[in-house]
Each structure stands twice: as C-alpha cells, then as structure tokens.
Chemist: 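Sharing a structure below in structure tokens format, with a few things to ask.
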Amino acid sequence: MLREYFNGKADIWDENVAEKDTAKLTQMAERLELEPGSVVLDVGTGTGVFLPYLLKSIGEKGKVVALDVAEDMLAEARVKKPGRNVEYLLADITDIPLYGEMFDSIVCYSSFPHFQDKPKALTEMKRVMKSGGRLFICHTSSRAHINEIHSQIPEVKDDTLPDGDEMRLLMSGAGYTGIKIEENNESYFASAEKPG
C-alpha cells in the first residue's frame with residue numbers, strides 16, 4: 001500500500017510536496033558533516049531531492065546508494081542525473097539486498113516516519129553500516145508539522161516521527177550508541193553510531 005501511494009505521487013512530488021528551500025537543504029547536509037570520499041546510503045531517497053547535497057559533501061571520490069521502495073520515485077530521481085557516483089536500489093529498508101558493513105553513513109532524510117517496522121529497519125541499517133559508522137534521521141520541518149500533515153492523509157496517517165524519548169529507545173534497542181536528538185520549530189535531527 002505504501003509503495004502504491006508513493007508511486008502514485010512520483011510525478012507531482014517535487015512540485016507539490018518536496019522541500020524547495022535550498023538554504024534549508026544545504027544547512028541540513030552540512031549538519032551531517034560527511035567526510036569526502038564517504039560511502040553513503042540514502043534511505044527513502046524518493047525523487048532524489050537530497051542527493052545533490054549529499055554528493056556535494058562527499059565529493060567525486062564518494063559514493064551514494066539511493067534506496068527506495070517505490071520504483072516510480074527512483075525513476076524520477078534517475079532522470080535528474082545528479083552525479084556519476086550514484087547507484088539506485090529498489091528495496092525495502094527491512095530487507096536490504098547488500099552485504100554487511102558497507103556504509104560510512106546512512107541518511108534517512110524525510111523518510112523515517114514511513115518505515116513500517118522501525119526496530120527492524122534500524123537493525124538492518126546497522127547491519128550494512130561499518131563499525132563506527134553514523135546514522136542520521138533528519139527533516140527540514142518540525143516533528144509536530146510532519147505528524148500533523150501525515151495525520152490528514154489516510155494512506156500515511158499512522159506514519160509518525162517519534163518524540164525524543166521514543167527515538168532514543170528505538171535507537172538504543174537496536175544497539176546504537178552516541179545518540180543525539182535535536183528538534184525545534186524548523187527541523188528534526190537525530191544521530192547515532194554503530195559501536196566500533
């Protein structure tokens with residue numbers, strides 16, 4: 001059902017839904033402090049809104065694997081051709097068809113509320129992350145705003161962004177350490193590490 005919902009929105013997503021404020025997107029990408037040359041998994045890449053900002057951070061020697069469950073969203077992302085060092089992967093976040101310990105960082109930009117099994121998704125992301133790797137869950141809107149919008153859409157009405165306490169429990173339960181959560185009226189930013 002979720003896949004069908006996002007496939008149905010793919011051709012209007014950038015115009016009607018996606019963040020258009022490039023300053024906000026740039027600032028969010030800078031908060032990730034990605035190292036040049038990093039290998040990054042962009043989970044729920046959608047139409048690839050955040051891809052150019054990730055690519056700018058990691059440079060020519062870096063690589064992004066853009067994962068999404070909706071093939072039409074990935075098709076829209078591919079059309080934009082943000083860089084040579086991007087691979088597209090159609091998959092569910094709870095069952096990533098990749099070897100373990102591949103990624104320096106994993107980014108969930110504007111996607112985490114839609115993970116239907118959040119504990120399993122967090123565990124699976126940790127599996128494909130290198131020891132010492134970092135996970136980022138980020139939004140360029142507040143948690144309250146995101147949850148309010150989703151509550152009005154029948155297909156995603158239960159897709160909420162957890163509050164700080166719940167997110168800490170989810171992340172620690174999946175074995176992450178160094179958990180930090182920052183939220184305000186403009187954004188939501190959670191980070192954690194896979195123990196070395």
Chemist: Strictly distance-based, threshold 3.5 Å: is any side-chain N or O of Asn85 a donor or acceptor partner for the main-chain N or O of Gly59?
Modeler: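 Between the backbone of Gly59 and the side chain of Asn85 there is a qualifying donor-acceptor contact (under 3.5 Å).
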Chemist: What distance separates Asp163 CG from Asp165 CG, expressed to the nearest 0.5 Å?
Modeler: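 Separation between the atoms: 5.5 Å.
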Chemist: Mind checking the CG-OH spacing from Leu25 to Tyr109? Nearest 0.5 Å is all I need.
Modeler: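 Answer rounded to 0.5 Å: 4.5 Å.
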Chemist: What I'd like to find out is whether the side chain of Pro52 reaches to under 4.5 Å of the side chain of Lys80, using heavy atoms alone.
Modeler: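 No, too far: nothing below the 4.5 Å cut-off.
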Chemist: Look up atom CD1 in Ile106 and atom NZ in Lys130, then write down how far apart they are to the nearest 0.5 Å.
Modeler: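 NZ of Lys130 is found 11.0 Å from CD1 of Ile106.
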Chemist: If you measure from CD on Glu124 to CG on Leu98, what distance do you get to the nearest 0.5 Å?
Modeler: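 Answer rounded to 0.5 Å: 9.0 Å.
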Chemist: When you compare the side chain of Lys120 with that of Phe115, does any pair of heavy atoms fall below 4.5 Å?
Modeler: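 When only atoms from C-beta onward are counted, Lys120 and Phe115 do not touch, as no gap falls below 4.5 Å.
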Chemist: Atom CG in Leu161, atom SG in Cys108: separation rounded to 0.5 Å?
Modeler: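 Between Leu161 CG and Cys108 SG, I get 11.0 Å after rounding to 0.5 Å.
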Chemist: Please indicate whether Gln116 has more than 12 foreign heavy atoms, meaning atoms of other residues, nucleotides or ligands, lying under 6.0 Å from its CD.
Modeler: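 More than 12 heavy atoms, drawn from other residues, nucleotides or ligands, come within 6.0 Å of this atom.
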Chemist: Can you see which heavy atom on Ala190 is nearest to which on Ile181, and at what distance?
Modeler: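 Heavy-atom minimum between the residues: CB-CG1, 3.9 Å.
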Chemist: Around Glu101, counting heavy atoms of other residues, nucleotides and ligands shown, do more than 12 lie under 6.0 Å from its CD?
Modeler: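 Atom CD in Glu101 is packed in, count exceeds 12.
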Chemist: Does Leu170 belong to the same Ile/Leu/Val/Met/Phe/Trp/Tyr cluster as Ile179, with side-chain heavy atoms less than 4.5 Å apart forming each link?
Modeler: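 Yes, Leu170 and Ile179 fall within the same hydrophobic cluster.
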Chemist: Which atom pair, heavy atoms only, marks the closest approach of Ala174 to Thr123?
Modeler: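 Scanning both residues, the minimum pair turns out to be CB-OG1, 4.0 Å.
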Chemist: What heavy-atom pair brings Ser151 and Lys157 nearest, and what distance separates the two atoms?
Modeler: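 Heavy-atom minimum between the residues: O-CB, 4.0 Å.
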Chemist: Is there a chain of hydrophobic side chains (I, L, V, M, F, W, Y, each step under 4.5 Å between heavy atoms) that links Tyr99 to Ile93?
Modeler: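 Same hydrophobic cluster.
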Chemist: Could you state the interatomic distance from OG (Ser187) to CD (Gln27), rounded to the nearest 0.5 Å?
Modeler: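 The CD atom of Gln27 is 7.0 Å from OG of Ser187, to the nearest 0.5 Å.
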Chemist: Are Met171 and Leu135 side-chain neighbours, meaning at least one heavy-atom pair lies under 4.5 Å?
Modeler: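 The answer is yes, as the side chains (C-beta and beyond) meet within the 4.5 Å cut-off.
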Chemist: Can you check whether Val40 reaches Phe136 side chain to side chain, under 4.5 Å on heavy atoms?
Modeler: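 Counting from C-beta outward, Val40 and Phe136 never come under 4.5 Å.
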Chemist: Are side-chain heavy atoms of Glu4 and Glu155 found at a separation under 4.5 Å?
Modeler: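 The answer is no; the side chains never approach within 4.5 Å.
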Chemist: With hydrophobic residues grouped by side-chain heavy-atom distances under 4.5 Å, do Ile149 and Ile146 end up in a single group?
Modeler: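 Ile149 and Ile146: separate clusters.
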Chemist: Please answer whether the main-chain N or O of Gly164 pairs with a side-chain N or O of Arg143 as donor and acceptor at a distance below 3.5 Å.
Modeler: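 Not at all, since once roles are kept as given, no pair shorter than 3.5 Å links the two residues.
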Chemist: Distance-only, no hydrogens or angles: does the Lys118 side chain make a donor-acceptor pair with backbone N or O of Pro113 under 3.5 Å?
Modeler: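 Between the backbone of Pro113 and the side chain of Lys118 there is a qualifying donor-acceptor contact (under 3.5 Å).
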Chemist: Can you tell me if Asn147 uses its side chain to pair, donor with acceptor, with the backbone of Thr160 under 3.5 Å?
Modeler: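 Here the side-chain-to-backbone pair does not exist.
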Chemist: On a heavy-atom basis, which atom in Gly48 and which in Ala77 lie closest, and how many Å separate them?
Modeler: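 Minimum heavy-atom contact is N-CB, 3.7 Å.
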Chemist: Applying the 4.5 Å side-chain criterion to the ILVMFWY set and letting contacts propagate, would Ile137 and Val65 be lumped into a single cluster?
Modeler: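 Yes.
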Chemist: For Phe189 and Met28, what are the C-alpha separation, side-chain angles and deciding distance, and is it a side-chain contact (heavy atoms from CB on, under 4.5 Å)?
Modeler: CA-CA 9 Å; Phe189 187 86; Met28 185 58 75; 3.6 Å; yes
Chemist: Would you confirm whether Tyr176, through its side chain, and Lys126, through its main-chain N or O, come within 3.5 Å as a donor-acceptor pair?
Modeler: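 Yes, the answer is positive, given that a donor and an acceptor are paired below the 3.5 Å cut-off.
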Chemist: Does some side-chain heavy atom of Val43 sit less than 4.5 Å from a side-chain heavy atom of Phe112?
Modeler: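 Counting from C-beta outward, Phe112 and Val43 never come under 4.5 Å.
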Chemist: Check whether any side-chain heavy atom of Ile96 sits under 4.5 Å from a side-chain heavy atom of Leu41, and report yes or no.
Modeler: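 Heavy-atom side-chain distance check passes, below 4.5 Å.
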Chemist: Could you pull out the closest heavy-atom pair between Gly44 and Ser111, with the gap in Å?
Modeler: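 Nearest pair, atom of Gly44 first, then Ser111: CA-CB, 3.9 Å.
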Chemist: Without swapping roles, check the side chain of Arg84 against the backbone of Glu60 for a donor-acceptor pair under 3.5 Å.
Modeler: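 No.
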Chemist: Does the side chain of Thr22 come under 3.5 Å of the side chain of Tyr53 through a donor N or O and an acceptor N or O?
Modeler: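 There is no such pair between these side chains.
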Chemist: Taking all non-hydrogen atoms of both residues, which atom of Phe50 and which atom of Val107 are closest, and how far apart?
Modeler: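 That closest heavy-atom pairing would be CE2-CG1, 4.0 Å.
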Chemist: Would you say that more than 12 heavy atoms from the other residues, nucleotides or ligands in this model lie under 6.0 Å from the NZ of Lys56, or not?
Modeler: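 For Lys56, atom NZ is not crowded (no more than 12 foreign heavy atoms under 6.0 Å).
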Chemist: Are Leu54 and Leu67 grouped together when hydrophobic residues (ILVMFWY) are joined by side-chain heavy atoms under 4.5 angstrom apart?
Modeler: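 Shared cluster, no.
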Chemist: Could you tell me whether the side chain of Arg134 and the main chain of Glu33 form a donor-acceptor pair under 3.5 Å?
Modeler: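 Confirmed, Arg134 side chain pairs with Glu33 backbone.
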Chemist: Between Leu32, Leu34, Thr26, which is the residue that forms a side-chain contact (heavy atoms from CB on, under 4.5 Å) with Glu30?
Modeler: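 Answer to the side-chain contact (heavy atoms from CB on, under 4.5 Å) test with Glu30 among Leu32, Leu34, Thr26: Thr26.
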Chemist: Heavy-atom count check: over 12 atoms from other residues, nucleotides or ligands less than 6.0 Å from Asn184 CG?
Modeler: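 Yes - once you tally the heavy atoms of other residues, nucleotides and ligands closer than 6.0 Å, there are more than 12.
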Chemist: With the side chain counted from C-beta on, respond yes when Lys61 and Pro36 share a heavy-atom pair under 4.5 Å apart, and no when they do not.
Modeler: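 No; the side chains remain at least 4.5 Å from each other.
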Chemist: Keeping His139 on the side-chain end and Tyr188 on the backbone end, is there a donor-acceptor pair under 3.5 Å?
Modeler: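 Here the side-chain-to-backbone pair does not exist.
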Chemist: Within the side chain of Glu71, is there an N or O that forms a donor-acceptor pair under 3.5 Å with the backbone of Leu90?
Modeler: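 Checked: no pair found.
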